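Source: prediction; values computed, not measured. Numbers restart at 1 for each chain; the letters A, B, ... are given by sequence-line order, proteins then strands.
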Amino acid sequence: MKKAVRIALTGVLAALAVAVGYLEFLLPSDIAGIPGIKPGFANILVMAALYLLGTGEAAFVCAAKITVSWLVFGSFTSFLYSLCGGVLSFAVMVLLKKTNRFGHVGVSVGGAVTHNVGQTAVAALMLGSGYVFYYLPVLLVAAAVTGTLNGLIIKAALPPLSKALHRTE
Amino acid sequence: MKNAKRICAALSALIVLLTFASCGKTQKRYSVTYADTFDTVTEFSAYCDSEAQFDRACEALHGELLRLHRIFDIYNEYEGVNNAATVNRLAGSQPVEVPEELIELLGVCKTFYGLSGGKLDASLGSVLSIWHDCRESADRLPDMESLKEAAKHTGFQFVKTEGSAISFTDPGLSLDLGAVAKGYAAGKAAEAVKRTGVQSFALDVGGNVVTGGAKPDGDWLIGVTDPEGGLYTKLAVSGLAVVTSGDYQRFYELDGIRYHHIIDPDTLYPASLYRSVTVVCESSAYADALSTALFCMSVQDGKALAQSYDAEALWIKADGSAERTAGFASYER
Amino acid sequence: MRRMKDKLRHDLILVAAVVLCAAILFCVFYFTRSEGERVEITLNGKLYGSYPLSENAVVDVDGICTVTIKDGETFVSSAVCRGQVCVHHKPISQSGESIICLPGGVTVRVTGKGGVDFTV
């Protein structure tokens, strides 16, 4: 892939990640009566960068999403939460992908689970209370579901995308 | 297959580790009960980073309570300190040097004596000891003549303070600090706890509750007893003191009539205006003083007195109705 | 290049492991939570016994007093102390309420969720 295309694609994915993040922010934060659950679709863009471009570009997309979201519609607290969750989940996704033993769904679920656990841990530290952990079972199942969903989307979207990109060469 | 299992195990371990790592940092709630001060039970709860920190807070608290218990004790004297009992014994014939806390407490009592029109009287010891004896034996009522005779030897005009020495111009006078001592001591004990670094705590010294910083999940919840049984209301407070004076706390019954421990200095008999008075105030000493004073005053006078101390109050009457100061309901849940 | 089938299997194992963790955590939380109100009896500052408020019982506290739990309430049915303040006390049933026998050093308290930290 030509360097120019790389850079452009990174930018596009980052911008899309922010846009998707904003759309999710507008959504009500409970589905089926379960509070605090979001689909995390922005992760699809991060994974797209990870699979199409590379770790560095994916890290940029992730960082851009967290930072710009904070600047545009977040608070410092929300920044803290998404930073911790995001960094941890990114690291885990990179690790899982590197082992070459997991498919897109596996990587996605690994990232989603780590994201939720990381945020719960931060909440516990910030509030100085262990009560937040009672919610973990729900969050874990939610992560498994959304992670699988996002993984399947990426799995379906990557081949055509990849083909389209390589046709530009 | 084996490697996949290893990866999953590692991931699960990571999750569990993260979970426990943050668990260690969260504060746990510790509680302890003491029964050796102020003739009552003291309960202390705090959120601490470690049991060691809690133990340090308990030591500071217990030490302070014990120390003040000895200073304000009117029934026993202790080696090396001139306490209230010493004052009662000697101040009629000579000035007695006392610890500054006793001077400070008497200062509060003197102020309240004036502001409550004499309804809060820490010099009522001679009258109160008659009632105390009757309550202990629970078989007779005090003789009115004895009460009136004892009442002649009461009043803060007979109590003189010079520097750190107390003297009585009436040798028959005796102090009874029961109306304020617990509140004052609870407040001092709370300060001792704060000095050890513990911020989120609550202390209950025989019904005198002092709250520090809020719990991790919100304010401290203090239940107000319904004189008829159960809880009348719940208060959510932090950084404030809550005290209730009630006719059901210490009493004895004779021929079906209940005689409780809050004596009105004017009638020389237990006050019968209300069943209970609850006060919320930043200062524990004032809260205690107010709850006793208001118990013997009209609601109108009580509201004025409470307001001058930035305190909120609740009066529960015998017919079940209640009166409140303007801001009291804001604490109720 | 790993076969798709292998990767799929690993993915499934991962998802299953996550759900299993959730289930285990849930069970742990469910079985370690304290359900319902209890009657806690303290003797000289130390816990003497803890009993469910929902079960009728008669507890002898070291010969000092007898605590009865009946019909969702608890009270001191008899005591050897002189004042009998604890016996005169009305039965308690709500979280945070307590009956104290001062000379005996006994505290009877109702604890549980949705209750108060202290009662005045």
Side-chain angles (χ1 to χ4, degrees), chain B residues 1 3-5 7-9 11-12 15-16 19 29 31-36 39-43 45 135-138 202-204 206-209 211 215 219-231 234-235 242-246 248-253 258 276 278-279 291 333, chain C residues 2 5-22 24-25 28 40 42-48 73 75 82-111 113-120:
Chain B
M1 189 64 188
N3 285 322
K5 279 203 175 137
I7 299 263
C8 290
L11 205 61
S12 315
I15 293 172
V16 173
T19 310
R29 178 172 174 158
S31 293
V32 74
T33 310
Y34 297 109
D36 55 355
D39 197 28
T40 189
V41 172
T42 297
E43 204 185 313
S45 286
R135 203 163 52 238
E136 288 288 289
S137 61
L203 170 66
D204 180 355
N208 283 258
V209 171
T211 57
K215 300 185 290 185
D219 285 327
W220 293 93
L221 286 171
I222 313 297
V224 176
T225 307
D226 185 330
E228 290 299 311
L231 289 180
K234 292 182 195 173
L235 306 175
V242 185
V243 186
T244 300
S245 286
Y248 45 83
Q249 292 165 331
R250 269 181 226 248
F251 61 88
Y252 70 105
E253 273 179 35
R258 187 182 285 188
S276 78
T278 302
V279 174
S291 77
R333 293 289 175 268
Chain C
R2 239 167 232 265
K5 221 162 76 165
D6 283 334
K7 284 193 174 178
L8 181 67
R9 198 169 48 199
H10 295 160
D11 284 356
L12 279 170
I13 294 172
L14 179 61
V15 175
V18 170
V19 175
L20 186 68
C21 274
I24 293 172
L25 271 176
V28 168
E40 266 184 27
T42 319
L43 176 61
N44 294 326
K46 291 205 190 71
L47 186 68
Y48 179 84
E73 297 182 320
F75 54 96
R82 194 156 65 140
Q84 299 277 298
V85 172
C86 47
V87 181
H88 288 149
H89 200 293
K90 281 197 153 62
I92 58 175
S93 59
Q94 294 190 37
S95 276
E97 288 196 271
S98 59
I99 304 175
I100 300 174
C101 174
L102 211 52
V106 177
T107 311
V108 182
R109 151 173 286 120
V110 177
T111 66
K113 282 188 299 197
V116 295
D117 298 300
F118 294 112
T119 309
V120 291

So do C:Thr42 and B:Val41 actually touch side chain to side chain, heavy atoms under 4.5 Å?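 The answer is no; the side chains never approach within 4.5 Å.
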Quick one: does B:Thr244's side chain get under 4.5 Å of B:Thr225's, heavy atoms only?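 No; the side chains remain at least 4.5 Å from each other.
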Please classify the contact of [X] with chain C as side chain, backbone, both or neither, using a heavy-atom distance under 4.5 Å.
X	value
B:Glu253	neither
B:Ala138	neither
B:Asp39	both
B:Arg258	neither

I need the residue from B:Asp204, B:Val242, B:Asp36 with the largest number of non-hydrogen atom pairs under 4.5 Å to chain C.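 Result: the option with the highest number of such pairs is B:Asp204.
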Looking only at side-chain N and O atoms, does B:Ser291 offer a donor or acceptor that is under 3.5 Å from a partner on B:Ser245?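 B:Ser291 and B:Ser245 do have a side-chain donor-acceptor pair below 3.5 Å.
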Where on C:Ile92 is there a heavy atom nearer than 4.5 Å to chain B: the side chain, the backbone, both, or neither?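 Neither the backbone nor the side chain of C:Ile92 comes within 4.5 Å of chain B.
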Drop me the distance from B:Lys234's NZ to B:Ile222's CD1, to the nearest 0.5 angstrom.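 Between B:Lys234 NZ and B:Ile222 CD1, I get 12.0 Å after rounding to 0.5 Å.
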Quick one: does C:Glu73's side chain have a donor or acceptor within less than 3.5 Å of a partner on C:Lys90's backbone?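 Such a contact is absent between C:Glu73 side chain and C:Lys90 backbone.
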